[in-house]
Enquirer: 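Handing you this structure, nothing more for now.
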Amino acid sequence: MVMMPKRVKYRKPIKGQRRGVATRGADLVFGEFGLKVLENGWLKNTQIEAARVILARQLHKGGKLWIRVFPDKAITKKPAEVRMGKGKGDIDHWVCVVKRGKILFELGGIPEEYARICFRLVAYKLPLKTKFVTRTGGV
C-alpha cells in the first residue's frame with residue numbers, strides 16, 4: 001500500500017526549505033510512548049510504510065499505533081541520461097517534510113521496555129536520528 005494523497009492542489013511542488021523546529025506535532029497526544037525526530041529532512045512514503053509494517057508485526061493485535069506523519073509532497077525526478085531542460089521531471093515518490101522535534105509515531109497499551117524495543121527496530125529503517133519519548137517526559 002503506497003501512502004499518497006488522493007488529490008493535491010499542485011501536481012509538482014517546489015523543493016522548499018528543510019530547516020527550523022517543529023512547533024506543531026511536537027508533543028505526545030494519543031499514546032504513552034513516541035518516536036521523536038532530532039533532525040530536519042524528508043521521510044519517503046516507503047520508509048513510513050516500512051516502519052508501519054514493523055510496528056504492526058511487533059504489536060500483533062496488542063496495543064495501539066498512531067502514525068503522526070503523512071507524505072503529501074511529490075518529488076520529481078528526470079530519467080537517467082536525459083539532457084538538461086525540457087521541463088520538470090515526472091513524479092518519482094512522495095515525502096513528508098519533518099522538522100526536528102516532530103513526533104513520528106505513538107504507541108499505547110504496551111509496557112515501556114517493549115515500546116523501546118519496537119521503536120529501536122523502527123529507527124534502523126529511518127534516515128534521520130530519533131529519540132524515544134514518554135508521556136512523563138523521561139528519556
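Side chains are part of it too, since the values below use all heavy atoms of this structure and drop only hydrogens, waters and symmetry mates.
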Enquirer: Where do Pro71 and Pro5 come nearest, in terms of heavy atoms and distance?
Expert: O-CD, 3.4 Å

Enquirer: Test your reading of the model: is there a side-chain donor-acceptor pair from Lys131 to the backbone of Val37, 3.5 Å cut-off?
Expert: no

Enquirer: Output the distance between atom NZ (Lys6) and atom CE (Met4), rounded to the nearest 0.5 Å.
Expert: 11.0 Å

Enquirer: Quick one: CD1 on Ile14 to NZ on Lys73, what's the gap to the nearest 0.5 Å?
Expert: 6.5 Å

Enquirer: May I ask you to decide if Thr23's main-chain N or O and Lys99's side chain share a donor-acceptor pair within less than 3.5 Å?
Expert: no

Enquirer: What is the distance from atom OG1 of Thr76 to atom NE2 of His93, rounded to the nearest 0.5 Å?
Expert: 9.0 Å

Enquirer: Please confirm whether the backbone N or O of Gly85 pairs with a side-chain atom of Lys78, one donor and one acceptor, at under 3.5 Å?
Expert: yes

Enquirer: Examine Leu65 and Ile110 and state if one hydrophobic cluster contains both, with Ile, Leu, Val, Met, Phe, Trp and Tyr joined whenever side-chain heavy atoms are less than 4.5 Å apart.
Expert: yes

Enquirer: Are side-chain heavy atoms of Leu104 and Val69 found at a separation under 4.5 Å?
Expert: yes

Enquirer: May I ask you to check whether over 12 heavy atoms, not counting those of Lys77, lie within 6.0 Å of atom NZ?
Expert: no

Enquirer: For Val122 versus Ala51, what's the shortest heavy-atom pair and its separation?
Expert: CG1-CB, 3.6 Å

Enquirer: Rounded at 0.5 Å granularity, tell me how far CD1 in Ile103 sits from CG in Leu35.
Expert: 8.0 Å

Enquirer: Who are the side-chain hydrogen bond (donor to acceptor under 3.5 Å, both in side chains) partners of Arg100, not counting sequence neighbours?
Expert: none

Enquirer: Under a 4.5 Å side-chain heavy-atom rule over Ile, Leu, Val, Met, Phe, Trp and Tyr, are Ile54 and Trp66 clustered together?
Expert: no

Enquirer: At what distance, to the nearest 0.5 angstrom, does CD of Gln58 lie from CG of Leu107?
Expert: 10.0 Å

Enquirer: I need the full list of side chain to side chain donor-acceptor pair (under 3.5 Å) pairs touching residues 25-50, with sequence neighbours left out, sorted by first then second residue.
Expert: Glu49-Arg52

Enquirer: Quick one: closest heavy-atom pair of Leu128 and Gly41, and the distance?
Expert: CD2-CA, 4.2 Å

Enquirer: Ala26: which residues meet the side-chain contact (heavy atoms from CB on, under 4.5 Å) condition with it, sequence neighbours left out?
Expert: none

Enquirer: Give the cluster check for Ile48 versus Phe119: same hydrophobic cluster or not, with ILVMFWY residues linked at side-chain heavy-atom distances below 4.5 Å.
Expert: yes

Enquirer: Would Leu121 and Phe105 show up in the same hydrophobic cluster when neighbours are defined by side-chain heavy atoms closer than 4.5 Å?
Expert: yes

Enquirer: Go through Phe30 and Arg68 one step at a time and tell me if the side-chain contact (heavy atoms from CB on, under 4.5 Å) criterion holds.
Expert: CA-CA 10 Å; Phe30 304 104; Arg68 300 277 306 272; 3.6 Å; yes

Enquirer: How about NZ on Lys12, more than 12 heavy atoms from neighbouring residues, nucleotides or ligands closer than 6.0 Å, or not?
Expert: yes

Enquirer: Is there a path of hydrophobic side-chain contacts, each under 4.5 Å between heavy atoms of I, L, V, M, F, W or Y residues, that connects Ile91 with Tyr10?
Expert: no

Enquirer: Calculate, to the nearest 0.5 Å, the distance between atoms OG1 and CG belonging to Thr134 and Leu28 respectively.
Expert: 7.5 Å

